[in-house]
Amino acid sequence: MKIDIVTIFSDFFHGPMDYGIIRRAREAGLVTIEVHDLRAFAHDKHRTVDDRPFGGGEGMVLKPEPIFECIESLNVLPLEQRCEAKQNVVLLSAQGKRFDQQVAWELAKLERMVLICGRYEGVDERVGEYLADCELSIGDYVLSGGELPALVILDAVARLVPGVVGDEQSVAEDSFSRGLLDFPQFTRPAEIADLRVPDVLLSGNHAEIRRWRKREALTRTLERRPDLLAEASLDEEEEEILRELKRLRPERGAGG
Ligand code: 9D3
């Protein structure tokens, strides 16, 4: 996959792309990432990329021309041909659709992904309307720009590109991809400061361990993220465990 990032802070990306999954994906030649400095597409001597909002108000807005010119220079297909060619231009904005694991799987199928990072108070609306295929937000909190969201999306998508993570089955069966929280993990020592690892994990009984893990994952999801259960894909055994958990622990109202 070819990924282009459009930003006014290109240096911001140097560190994070040299570590972990993104580095691995790049070194394996499975993703190619280019960072483009938006200021290179401003033509005045101050390399202006922002301007005051029409209609008045606080703050500055990213101007459309440098962004339009930058995208033009990347030779992506016109809007109506992009989907077919598995190309997407994504505007990162707080007004976007929420990015989640399902969106990550969709993006991982692309051959080309362009991420435009917003800044200041916002981006001229015509960028989202006529240039980008979609707008994405990473969650309901205010950040100062789209650079961290771009890295978040890059990390989540890179590990789903076939070949980046060795065990593809484990990536697909990853609890979050199935809509559940993880079961708890332990490693040695079996005891520290009187805190013991659950006996079942030391028992060597693999059927029992598997069931215990399912039960823990479901208990946690039910307690911490009951919203996930509506969309989760559960097997027979998990459905049965969940019914039992609900019998033992009837639903509580707001305030828990
Ligand atoms: C404080 C300014 N806000 C009211 C006028 C609007 C606003 C503009 C620009 C809020 C945030 C931003 C910068 N954020 C992003 O560009 C952004 C973002 C985010 O803030 N939260 C979650 N996901 C994203 S993706 C891009």
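One-based numbering, in listed order, for ligands and for the atoms of each. Excluded from the calculations below are hydrogen atoms, water molecules and symmetry mates; all remaining heavy atoms, backbone and side chain alike, are included.
- Interatomic distance, R213 CZ to S175 OG, rounded to the nearest 0.5 Å: 12.0 Å.
- Ranking the protein heavy atoms by distance from atom 21 (N) of ligand 1 puts Y141 O, 2.8 Å first.
- With respect to atom 23 (N) of ligand 1, the closest heavy atom belonging to the protein is I138 N, 3.0 Å.
- Heavy-atom contacts of G146 reach the following atoms of ligand 1: 16 (O), 26 (C) (cutoff under 4.0 Å).
- In this structure a side-chain-to-backbone donor-acceptor pair under 3.5 Å is present from E168 to G163.
- Near P149, meaning under 4.0 Å from any of its heavy atoms, are these atoms of ligand 1: 24 (C), 25 (S).
- Atom CD of E244 and atom OG1 of T219 lie 9.0 Å apart (nearest 0.5 Å).
- The hydrophobic cluster containing L110 does not contain L77, counting ILVMFWY residues as joined when their side-chain heavy atoms lie under 4.5 angstrom apart, directly or transitively.
- Close approach to A94 involves these atoms of ligand 1, each under 4.0 Å from a residue heavy atom: 17 (C), 18 (C), 19 (C), 20 (O), 26 (C).
- For the atom pair SG of C70 and CZ of R39, the computed distance is 13.5 Å after rounding to the nearest 0.5 Å.
- Between C117 and the options L91, T7, L151, a side-chain contact (heavy atoms from CB on, under 4.5 Å) holds for only T7.
- Near S144, with a cut-off below 4.0 Å to any heavy atom, the atoms of ligand 1 are 13 (C).
- Between H36 and E34 there is a side-chain heavy-atom pair separated by less than 4.5 Å.
- Considering backbone and side-chain atoms alike, V142 places every N or O at 3.5 Å or more from each N or O of ligand 1.
- Contacts with ligand 1 closer than 4.0 Å are made by no heavy atom of C117, backbone or side chain.
- Considering each of E135, E121, R119, the one bringing a non-hydrogen atom nearest atom 8 (C) of ligand 1 is E121.
- By the neighbour-count criterion of 12 heavy atoms within 6.0 Å, atom CD of Q81 is densely surrounded, having more than that number from other residues, nucleotides or ligands.
- Counting atoms of ligand 1 from 1 in the listed order, those under 4.0 Å from a heavy atom of G139 are 21 (N), 22 (C).
- Annotation for ligand 1: atoms under 4.0 Å from non-hydrogen atoms of L136 are 25 (S).
- Using 4.0 Å as the threshold, F99 has no heavy atom nearer than that to any atom of ligand 1.
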- Please report the C-alpha distance between H43 and E65 in whole Å, then the side-chain angles of each, then the deciding distance to 0.1 Å, and finally whether the side chain to side chain donor-acceptor pair (under 3.5 Å) criterion is met. CA-CA 10 Å; H43 301 298; E65 308 99 301; over 6 Å; no
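- Under 4.0 Å from ligand 1, not a single heavy atom of D140 appears.
- Atoms of ligand 1 lying under 4.0 Å from at least one heavy atom of Y120, given by number and element, are 8 (C), 9 (C).
- Using a non-hydrogen distance threshold of 4.0 Å, V123 does not register as a contact of ligand 1.
- Closest non-hydrogen pair, R98 versus V103, comes out as O-CG2, 4.0 Å.
- Among all non-hydrogen protein atoms, the one lying nearest atom 20 (O) of ligand 1 is L143 N, 2.9 Å.
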